[in-house]
Amino acid sequence: MHFDKNKYKVYTWKNWMVLHYILNPGLAINELILGQRIPKVSLEDKTSDKPFLERSYVPCPHCETLHDGRTWSTQNGTAFKNWFGLYCPNCGEIIPCLMNLTTRLVLTITFPVWGWFKKSLKQRWLEKQPARYKEIEVDQIENPFEGYGWIKEGFSWGILTSILLLIFFPIIGIEIFSRQVIVTLLSLILVGGPLFGFIMKLFFEQTGSKAA
Ligand SMILES: [Zn+2]
């Protein structure tokens, strides 16, 4: 698919944020357990002066529909359970997605266990998809980082990341009941979280005219 480069900024794995999604091992949990997926290609309308959330699009390479990025969102109940990729409600095909490196490693190692069931699992998953997209609403979706939302989102992110680190540290032999770890996690929750929330707020609220 070709896109009007004057109108759209194209996001692929070459973008640092997308690359972070591939490399951060913590995000394997989002993919494997929650079924969160990121499309291989997404677009940002550079010419619109709306907030970021309202001008990001996901193209389907099969039917060439430009889907509103909010089609797959928690509000629509479609942000997760997308283990086999993003379902295109227009043509019923699957929009290709990126895969986190750790996810790929885990899936490769455990392939002998789940490989046998891949076909039937995928079939069953596909059958459930059309119903999930019957009442998709994109205009009502608000930016979770809007207003003071970034504080809540920031703290949740800090706490979730800390929990993941508490699971991960013992695996690589780090003692979790040490002063260093406690200080690290507290600063992650109290400083890192809100900072992340605030950066996301700025990012989502930037308008096309400013970004261009
Ligand atoms: Zn399609």
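Read the numbers this way: they start at 1 and go in the same order the structure lists the ligands and their atoms. Atoms considered below: every heavy atom in the structure, side chains included; atoms not considered: hydrogens, waters and symmetry mates.
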Participant: Is the OH atom of Y133 crowded by more than 12 outside heavy atoms at less than 6.0 Å?
Facilitator: yes

Participant: Decide if atom CH2 of W114 counts as having more than 12 heavy atoms of other residues, nucleotides or ligands within a radius under 6.0 Å.
Facilitator: yes

Participant: Decide whether Q36 and Y21 meet the rule of one side-chain donor and one side-chain acceptor closer than 3.5 Å.
Facilitator: no

Participant: Around the Zn ion (ligand 1), list the protein N/O/S atoms within a radius below 2.8 Å, excluding water molecules.
Facilitator: C60 SG, C63 SG, C88 SG, C91 SG

Participant: Between A28 and N100, what is the shortest heavy-atom contact and its length?
Facilitator: CB-OD1, 3.7 Å

Participant: Calculate, to the nearest 0.5 Å, the distance between atoms CZ and NZ belonging to F3 and K9 respectively.
Facilitator: 15.0 Å

Participant: I need the single residue from I159, T161, I163, L166 that forms a side-chain contact (heavy atoms from CB on, under 4.5 Å) with L185. Which is it?
Facilitator: L166

